[in-house]
There are 2 protein chains.
Amino acid sequence: MVTLKDIAREAGVSVMTVSRVVNGQLSKVSEENIKKIQEIIKKRGYVPNSTARSLSAKASNIISVIVQGSGNELINPYNATMVGEIVPYVQEKGYYLMLHFIDNYDDITQRLRAWNARGAIFIGTFDHDVKKIQQDNRIPLVFTDSYSSVRQIINIGIDDYKGGVLAAKHFINKGHCSFAFVGRTLTSGVIQQRLNGFRDTLEEHGFTMSTEHILDESDIQNPAKIIKSFKEPVTAIFAASDTLAYSIIENFKKLGCRVPDDYSIIGFDGLPIGNCVSPHLTTIYQDITKKARLACDILFRHIDDPSFPAGNTVLDVELIERDSVKTIET
Amino acid sequence: MVTLKDIAREAGVSVMTVSRVVNGQLSKVSEENIKKIQEIIKKRGYVPNSTARSLSAKASNIISVIVQGSGNELINPYNATMVGEIVPYVQEKGYYLMLHFIDNYDDITQRLRAWNARGAIFIGTFDHDVKKIQQDNRIPLVFTDSYSSVRQIINIGIDDYKGGVLAAKHFINKGHCSFAFVGRTLTSGVIQQRLNGFRDTLEEHGFTMSTEHILDESDIQNPAKIIKSFKEPVTAIFAASDTLAYSIIENFKKLGCRVPDDYSIIGFDGLPIGNCVSPHLTTIYQDITKKARLACDILFRHIDDPSFPAGNTVLDVELIERDSVKTIET
DNA sequence: CTGAAAGCGCTTACAG
DNA sequence: CTGAAAGCGCTTACAG
């Protein structure tokens, strides 16, 4: 392996002079030496040793991306898109990206400290541990979609509540009167907010949605049971994600129920698949690319200026109308 | 930050004794000291500094996963699934995972060397650069889906040719007589092999597929033009991936053509989506989880024993019959 | 503009 | 079972 020392010896200068050239402090080195050193670096294929650099600088060029969970978390297209957007953006800035799937809080600190990560981006629900994570890790930490009550938090989220509102209004405008919601209501603020926005808006318009119509993801494996449990015949279902929406569509199809003929459905996320597969999905769109880039930008800013104030950024959502909601004539 | 030195001081022993405990060389330390040191480590929340370790050991605990491309490479569900399977498996073994999207060959060596990566797994087409990559990086390198002509290569692939054979036979069995193929034929051996298996089998059974019926992915944006270019009316289309298959289905739908009524289609990969969305896709299934795990296992083996021989492992594929191929009565 | 010294936190190799 | 010494490849801080 070629080291600074090797280059220095060959150039007949000290290690420090080479180090300066490598780090672009060219104003501090004579032109003659710069040229000579750069040539040798190129010829030898010298690559700076980041482990040595990090040890010396007490900080690395590593950005850690932490996805909640311990299985294949990228099967979820939302997670995959987020991570996939972050990778090239982080690379572009000269950082290296470590990817972690973590369920256990202790692992986060361990993994961040082991490599002296320069910063971290969190994908998934960490609401419960935000405070502890912050206390143990004095580096910029950017959360996404957090509804943690911690006041000093760097977070990028979307207007989940509004998403619910838009879905409810759309159904109402299309003449629907009986509603259901499907999502993991217990696990995250995100889903809770989508539900709240949906339910509040229904009530504002004089409709109610009884508890039996609020379903967990796992329930839809047994659609017959669901339909039986409904207090009245449901025509409009709001799914907490696009993938969930398609899962519902397929499960109901087994019973001979078709979307949008027998049921109307609105998804959430606005994934490309919603426009690539039938029925095209009416959905609440969020700009995942923008969210990912923004998370990175804010992280970079906090790395450059640790005194930059924390804050919660909320991106807008919008309804995209496609083919999964039927108009009911009254 | 807590260091070995801090622990040593508090325990009244040398740094080496603590180091031994941290590294599990417990047979070399007295029970009394082990206990004392372990308690202090826990109390202080000591985390070994991996950058120091790596520098000292001249090798890191980092496995680099290198995906070919420079955009959002995880929008592709195949890539996302592969990476998503590798992450927890690598973590389980005590390694850290760096994720890179790389287009340019030089970047590979730079990124691998910078961190003294312990090994690397390649996802995507690197056939052209395998030799150079191997020459510059003396660590275990596991390629996937490579058709490089380099003899000494560690590769995990699938029987792409057989996939083509199975697709052809299935169409023929169902009474089809006129065929087309869609895929990026120029870019990779993978697609080329799928095409070869398909075409060879057709010919063995007395059918031919003219060049006009071999289409590039980009062509399907304009389905009307495609249909016009066909030498004869096609009933059977073999798509080089599931996502491509759905894309074809949607594009043809714009012309009022339905699958499988007007066209039959077979996909490739066996992604979950093929069973979650209509029409359920008849497809050539490959076990991506197995492939990912195997790539890791082989990498680990080569890390543990650098003299372990290189080799090409080929996983089987099978046809999964679902609803996208129609039977043609003759 | 240049370089010698010290140190980052660990491990390797050796001596006891 | 224990530890002192040297070194991994860099950077920081200082002196010239």
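Labels below follow one simple rule: chain letters A, B, ... track the order of the sequence lines, proteins then strands, and each chain is numbered from 1.
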Scan for ring pair (Phe, Tyr, Trp, His ring centres under 6.0 Å) pairs involving residues 40-98 of chain B, sequence neighbours excluded, and state none if there are none.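 Passing the test, one end in residues 40-98 of chain B: A/Trp115-B/Tyr96, B/Tyr95-B/Phe300.
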Below 4.0 angstrom, which residues in residues 25-38 of chain B have at least one non-hydrogen atom near DNA chain D? B/Ser27, B/Lys28, B/Val29, B/Ser30, B/Asn33
Name of the residue among B/Thr144, B/Thr81, B/Asp145 meeting side-chain hydrogen bond (donor to acceptor under 3.5 Å, both in side chains) with B/Lys291: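 Considering B/Thr144, B/Thr81, B/Asp145, a side-chain hydrogen bond (donor to acceptor under 3.5 Å, both in side chains) with B/Lys291 is found only for B/Asp145.
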Sequence neighbours excluded, which residues qualify as salt bridge (charged side-chain N to carboxylate O under 4.0 Å, His left out) partners of A/Asp107? none
Residues in salt bridge (charged side-chain N to carboxylate O under 4.0 Å, His left out) contact with B/Asp316, at least two apart in sequence or another chain: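 Once residues adjacent in sequence are excluded, the partners of B/Asp316 under the salt bridge (charged side-chain N to carboxylate O under 4.0 Å, His left out) criterion are B/Lys162.
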Do A/Asp127 and A/Thr125 pair up side chain to side chain, a donor and an acceptor below 3.5 Å, judged on atom types alone? no
Test item: side-chain donor near acceptor, A/Ser70 and A/Asp103, under 3.5 Å: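 Side-chain D/A pair, A/Ser70 to A/Asp103: present.
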Sugar-phosphate, base or nothing in reach of B/Val13, heavy atoms under 4.0 Å: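 Contact class for B/Val13: sugar-phosphate only.
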Could you check A/Tyr105 against A/Asp136 for side chain to side chain donor-acceptor pair (under 3.5 Å), going step by step and ending with a plain yes or no? CA-CA 11 Å; A/Tyr105 150 73; A/Asp136 291 355; 2.4 Å; yes
Presence of B/Thr17 side-chain N/O under 4.0 Å of D/dG3 phosphate oxygens OP1/OP2: yes
Any salt bridge (charged side-chain N to carboxylate O under 4.0 Å, His left out) pairs touching residues 42-69 of chain B, not counting sequence neighbours?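 Only B/Glu10-B/Lys43, B/Glu10-B/Arg44 qualify under salt bridge (charged side-chain N to carboxylate O under 4.0 Å, His left out).
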With sequence neighbours excluded, give me every salt bridge (charged side-chain N to carboxylate O under 4.0 Å, His left out) pair touching residues 59-75 of chain B.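 Qualifying pairs: none.
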Taking only Lys NZ, Arg NE, NH1 and NH2, and the carboxylate oxygens of Asp or Glu, determine whether B/Lys132 and B/Asp129 approach each other closer than 4.0 Å. yes
Using the criterion of both pairing distances under 3.5 Å for Watson-Crick and G-U wobble pairs, give all stems of 3 or more consecutive pairs involving DNA chain D.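 So far as stems of 3 or more pairs are concerned, DNA chain D shows C:1-3 with D:14-16, C:5-12 with D:5-12, C:14-16 with D:1-3.
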Who pairs with A/His302 by ring pair (Phe, Tyr, Trp, His ring centres under 6.0 Å), at least two apart in sequence or on another chain?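 A/Phe308.
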Just to verify, what does B/Phe143 make a ring pair (Phe, Tyr, Trp, His ring centres under 6.0 Å) with, not counting sequence neighbours? B/Phe122
According to side chain to side chain donor-acceptor pair (under 3.5 Å), who are the partners of B/Ser307, at least two apart in sequence or on a separate chain?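 Result, side chain to side chain donor-acceptor pair (under 3.5 Å) vs B/Ser307: B/Asp305.
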For nucleotides 14-16 of chain C, give me every protein contact, N/O to N/O, under 3.5 Å, one pair per line with atom names.
none

Show me the protein contacts with nucleotides 7-10 of chain C, counting only N or O atoms at under 3.5 Å.
unit_1 : atom_1 : unit_2  : atom_2 : d
C/dG7  : N2     : A/Ser56 : OG     : 3.2
C/dC8  : O2     : A/Ser56 : N      : 3.4
C/dG9  : OP1    : A/Lys58 : NZ     : 3.4
C/dG9  : N2     : B/Ala52 : O      : 3.3
C/dC10 : OP1    : B/Tyr46 : OH     : 2.5
C/dC10 : OP1    : B/Asn49 : N      : 3.2
C/dC10 : OP2    : B/Leu4  : N      : 2.5
C/dC10 : O2     : B/Ser56 : OG     : 3.4

